[in-house]
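Remember, it's 1-based here, ligands and their atoms both numbered in the order they're listed. Because only heavy atoms are used, hydrogens play no part in the values below, and waters and symmetry mates are left out as well, while side chains stay in.
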Amino acid sequence: MLRQVGGALPAADDTYEPGAHPTLELAPSILRQAIENCEFSLAYQPQVSCRDGQLAGFEALARWRHPVDGVIVPDRFIPAIERAGLMPEFTARIAGQALSWFRVNILSPPRVLADSMAQNAPSLSINISARNLAQPDFPETMTGLCERHDVDPSRVVLELTETSALDDPVLSLELLTRLRVQGFQLSIDDFGAGYSSMQQLARLPFSEIKVDRAFVATALQSATSRSVVKSIVELGRSLGLRSTAEGVEDEATLQFLDFVGCDLVQGYFIAHPMSGEKLADWLNSAPEWPWRAWETRRS
Ligand code: C2E
Ligand code: MG
Ligand code: MG
Ligand code: MG
């Protein structure tokens, strides 16, 4: 049985205020300006091993606090950036910010964290868009950013949603293979929400499969969701992919995921996404990390 002991959970510092962003027109010029003015920041959410709570990595999630209209959610600005054709610039900016944070706070951590960080070798997950796969120089851009920030690409996981990965399977295969060759890990995000066949999935060089949050969130109430989650974990295992469940909000869901053999978990039960400073402080100041104090007891 899984038990979480010690260490208070960090407070969410990026909860969205509903109604704070009702009517703003996300015109391309506004988006371009926002990218140039560095109005986008990142929140980082820890990912831990389902079995023993060991730190496995962090997912970088973009945040936009518009100077006038307040917080705008990614589900709104990401599609707008895609439509405006600004994904190459956006992803490069976000990836640069994330890699810089990762280098300073995780790979070269101050004080006590150094040993544990080296031992765990946590990874950095960055979300990318199908539009990036239509960018012939995308693998070189990403490699260049990794070089600049002195991060080995093997520590970087690029997350692509199931639906966008299969937009154009031929294009995807070419670009994804080049990213793999450069050393990046590749993750198929929100799996279960689309309609990929096992054959399509097996052709693409992924290293991780992320169970769509909708199934994780309803796992306790719905037998259908439970069997979907279980099948996705098993599909991943049969293809040699690590499985990650996101949106884990309570202990019972965590226990179910452990029971079906899911590898990694991410969600409010473990930690909310946090600003880089907050997360670094939290990592440094926690006398005992919650995920370290996590105890797995099997009888
Ligand atoms: P995603 O990549 O599937 O990210 C997981 C989403 O679930 C995040 O929403 C995260 O804040 C949220 N989440 C994590 N744990 C929990 C939980 O326990 N309960 C609930 N209810 N939610 C949880 P967020 O940050 O709003 O991002 C939404 C989507 O926007 C992301 O889904 C991703 O597809 C996209 N996105 C975010 N940042 C970027 C980015 O930098 N680039 C690209 N291309 N897409 C991004
Ligand atoms: Mg993601
Ligand atoms: Mg997801
Ligand atoms: Mg999503």
For the Mg ion (ligand 2), which N, O or S atom of [X] is at the shortest distance?
X	value
E59	OE2
E159	OE1
D189	OD2

Exercise. Measure from atom 45 (N) of ligand 1 to every heavy atom in T161, N132, D212, I78 and give the option owning the shortest one.
Key: I78
Exercise. Run down the list T91, N127, L160 and name the one with the heavy atom closest to atom 40 (C) of ligand 1.
Key: N127
Contact atoms of ligand 1, heavy-atom distance to [X] under 4.0 Å:
X	answer
E59	2 (O), 4 (O)
Q45	14 (C), 15 (N)
P74	24 (P), 25 (O), 26 (O), 27 (O), 30 (O), 37 (C)
V248	18 (O)
D190	3 (O)
I94	41 (O)
E249	17 (C), 18 (O), 19 (N), 20 (C), 21 (N)
D75	28 (C), 29 (C), 30 (O)

Output yes when a side-chain donor or acceptor of [X] lies under 3.5 Å from a complementary backbone atom of [Y], and no otherwise.
X	Y	answer
D137	E140	no
Q45	A271	yes
R63	A43	no
Q185	S154	yes

For ligand 1, indicate whether the residue [X] contacts it via side chain, backbone, both or neither (heavy-atom separation under 4.0 Å).
X	result
F90	side chain
E246	side chain
R63	side chain
P273	side chain
Q266	neither

Self-check item: Contact check: S187 to the Mg ion (ligand 2), N/O/S below 2.8 Å
Solution: no
Exercise. Using the side chain to side chain donor-acceptor pair (under 3.5 Å) rule, take N127 and E59 through it: C-alpha gap first, then chi angles, then the decisive distance, then the call.
Key: CA-CA 8 Å; N127 292 283; E59 179 175 5; 2.8 Å; yes
Self-check item: Contact check: G267 vs ligand 1, nitrogen or oxygen atoms, below 3.5 angstrom
Solution: no
Quiz item: Which angle, to 10 degrees, forms at the Mg ion (ligand 3) with OD1 of D190 on one side and OE2 of E246 on the other?
Solution: 110°
Quiz prompt | Side-chain ion pair, E174 and R178, N-O less than 4.0 Å | solution = yes
Quiz item: Looking at ligand 1, does H272 have a heavy atom less than 4.0 Å from it?
Solution: no
Exercise. Check whether any heavy atom of I128 sits under 4.0 Å from an atom of ligand 1.
Key: yes
Self-check item: Side-chain H-bond candidate by donor/acceptor type, D258 with Q255, under 3.5 Å
Solution: no
Quiz item: Same cluster for V233 and F215 if Ile/Leu/Val/Met/Phe/Trp/Tyr side chains link at under 4.5 Å?
Solution: yes
Self-check item: Single-linkage hydrophobic cluster F184~L107, side-chain heavy atoms < 4.5 angstrom
Solution: yes
Practice problem: Look up atom CZ in F77 and atom CG in L31, then write down how far apart they are to the nearest 0.5 Å. | Solution: 9.5 Å
Exercise. Could you grab the distance from atom CG of D189 to atom CD1 of I128, nearest 0.5 Å is fine?
Key: 10.5 Å
Quiz item: What class does the angle between the rings of W64 and H66 fall in, given that below 30° is parallel, 30 to 60° is tilted and above 60° is perpendicular?
Solution: perpendicular
Quiz item: Which residue, K210, Q266, E208, forms the side chain to side chain donor-acceptor pair (under 3.5 Å) with T244?
Solution: E208
Self-check item: R242 atom CZ, neighbour heavy-atom count above 12 within 6.0 Å
Solution: yes
